[in-house]
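Below is one structure, written out as structure tokens, with a few remarks after it.
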Amino acid sequence: MTQTTAADSPFLIDIKALRERARKHIQDGAVTGDYKADRETVLRLLNEALATELICVLRYRRHHFMAKGINAEPIAEEFMVHATEEQQHADKIAARIVQLGGEPNFNPEGLSMRSHSEYVEADGLVDMIKENLVAERIAIDSYLEMIRYIGDRDPTTRRVLEEILAVEEEHADELADMLPQATTQTQ
């Protein structure tokens, strides 16, 4: 007896029904009837990620301007690069929230409460690097959890988060590499 698998079956789609559904639900934008995730939960997670990215932008920018010391300039410049990349992440997340029919929450009131990472001013260059590394590690774990939760139910959001995760991992590696160098320079 031969079993038929999905790979053996021809791919069939009812084009007429597909076109009718698209016209009937045109006001729903990118969210179609085949969207499998809990949209409200995804929107909440994305707004938390947005807050986290905005807090990171603010912390990195402060550290850029406050970095002092004989060899602080290259580290300060790297803080600004990270701030710019975190802002790009925030923009991608906000755009995805809108695509899903939500509203990105940029309200500064409660921003730090919605964020997974903290805004820590830090006193010296080594502490700045440490605080940014802690924040990156928090972001990495947060994005991994979100990606696992979303799974295959929302491939576009998952892909956006995976792209951001890759950059956050690069940031963590760069900061970890800076830490021993900055520590020996301050001793």
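Everything numeric in this text was worked out from a predicted model, so none of it was measured. In this chain, numbering begins with 1 at the start of the sequence shown. Reckoned from all heavy atoms, side chains included, excluding hydrogens, waters and symmetry mates.
Across all non-hydrogen atoms, the minimal contact from I129 to I75 is CD1-CD1, 3.9 Å. A pairwise comparison of heavy atoms in L50 and A90 identifies CD1-O, 3.4 Å as the closest pair.
Under a hydrophobic-cluster definition in which Ile, Leu, Val, Met, Phe, Trp and Tyr are linked whenever side-chain heavy atoms come within less than 4.5 Å, directly or via other members, I97 and Y35 are assigned to the same cluster.
Scanning for salt bridge (Lys or Arg N to Asp or Glu O under 4.0 Å) contacts around E169 gives an empty result, with sequence neighbours left out. Partners of N107 by side chain to side chain donor-acceptor pair (under 3.5 Å), not counting sequence neighbours: none found.
Not one N or O on the side chain of R61 forms a donor-acceptor pair closer than 3.5 Å with the backbone of A83. Panel note: side chain R158, backbone G151; a donor-acceptor pair is recorded below 3.5 Å. Judged purely by atom type and a 3.5 angstrom limit, N47 uses its side chain to pair as donor or acceptor with the backbone of N105. Judged purely by atom type and a 3.5 angstrom limit, S115 has no side-chain atom pairing as donor or acceptor with the backbone of L111.
The salt bridge (charged side-chain N to carboxylate O under 4.0 Å, His left out) analysis of residues 77-94, with sequence neighbours excluded, yields the pairs K92-E163. For residues 153-181, the set of pairs meeting the ring-ring contact (aromatic ring centres under 6.0 Å, His included) definition, not counting sequence neighbours, comprises H82-H171. Pairs of residues two or more places apart, or lying in two chains, that qualify as salt bridge (charged side-chain N to carboxylate O under 4.0 Å, His left out) and include a residue from residues 96-120 are R96-D154. Counting only residues at least two apart or in different chains, salt bridge (charged side-chain N to carboxylate O under 4.0 Å, His left out) contacts with residues 121-133 comprise R62-E121.
Around atom CD of E162, more than 12 heavy atoms belonging to other residues, nucleotides or ligands sit under 6.0 Å away.
Using a cutoff of 4.0 Å between basic side-chain nitrogens and carboxylate oxygens, E40 and R44 are not scored as salt-bridged.
To the nearest 0.5 Å, atom CD of residue E136 and atom OG of residue S117 are 8.5 Å apart.
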